[in-house]
Structure formats: C-alpha cells, structure tokens
Amino acid sequence: MKAIKPAAMTLRGYVLHEEQYRKLEQLRDQLFLMAKVIYASTEEEEDVLLEVRRSNLGQLLEDFGLRVDEVVTALQCEGHRLQTPSQWH
C-alpha cells in the first residue's frame, strides 16, 4: 500500500512570517468591516445613497494596496521567487 503524504508536504506555496500574516489578517478584517457597514440591513436603507468622499475612499484603498504590497515584498525579499498565474501550469 502506498504511504499517504501529510497535507503540509503536498501543499505548494509560501509560508509567511507571523508579522506579514497578521497584516493580511488585519486587512481581511477591515474589508469585512467595510462590507458590513456598506450592506443595507433594512429595505429602507437599500434605497439610501451612501455618501463617501473620493479622497477618503482613495486613501482607504491605497492603504489596502500598501499592506498587500508589504507582504508581497517581504516574500520576494526572503529569497522566494513569486510565480505569476501564467507560470502556474
């Protein structure tokens, strides 16, 4: 009978340092919070316009992008070679 490999040995990918992992968790939580705030909880709220200043939305999205960039940069600095989706095959 063939030995079964542990799941950790069969996975392909990268291991993040705890700091980068926490940054991604923080980003995830902020995105979920934004979604919760934006979704209407009643039918009356569904028709109410949500007013957000463009500069505030831009700053928020830029912050999200910078956080993701920090993690990606950390992976590249660790000597890992990132693959693009076209290289996955």
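Keep in mind that this is a model prediction, so the values were computed, not measured.
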With sequence neighbours excluded, residues passing salt bridge (charged side-chain N to carboxylate O under 4.0 Å, His left out) with [X]:
X: Glu18; value: Arg22
X: Arg67; value: Asp63
X: Glu45; value: none
X: Glu43; value: none

Under the side chain to side chain contact (heavy atoms under 4.5 Å, CB included) test, residues paired with [X] that sit two or more places apart:
X: Leu49; value: none
X: Tyr21; value: Leu16, Glu25
X: Leu66; value: Glu62
X: Asp69; value: Thr73

Group every Ile, Leu, Val, Met, Phe, Trp and Tyr by side-chain heavy-atom contacts under 4.5 Å, then state whether Val48 and Val52 land in the same group. no

Shared hydrophobic cluster, Phe32 / Tyr39 (ILVMFWY, side-chain heavy atoms < 4.5 Å): no

Tell me who clusters with Val37, hydrophobic residues only, linked when side chains sit under 4.5 Å apart either directly or through other members. Leu33

Got a sec: does the CZ of Arg28 have more than 12 other heavy atoms crowding it under 6.0 Å? yes

Between CE of Met34 and CG of Asp29, what distance do you get to the nearest 0.5 Å? 13.5 Å

Between the CZ atom in Phe64 and the CG atom in Leu27, the distance rounded to the nearest 0.5 Å is 6.0 Å

Glu70 meets the side-chain hydrogen bond (donor to acceptor under 3.5 Å, both in side chains) criterion, sequence neighbours left out, with Lys23

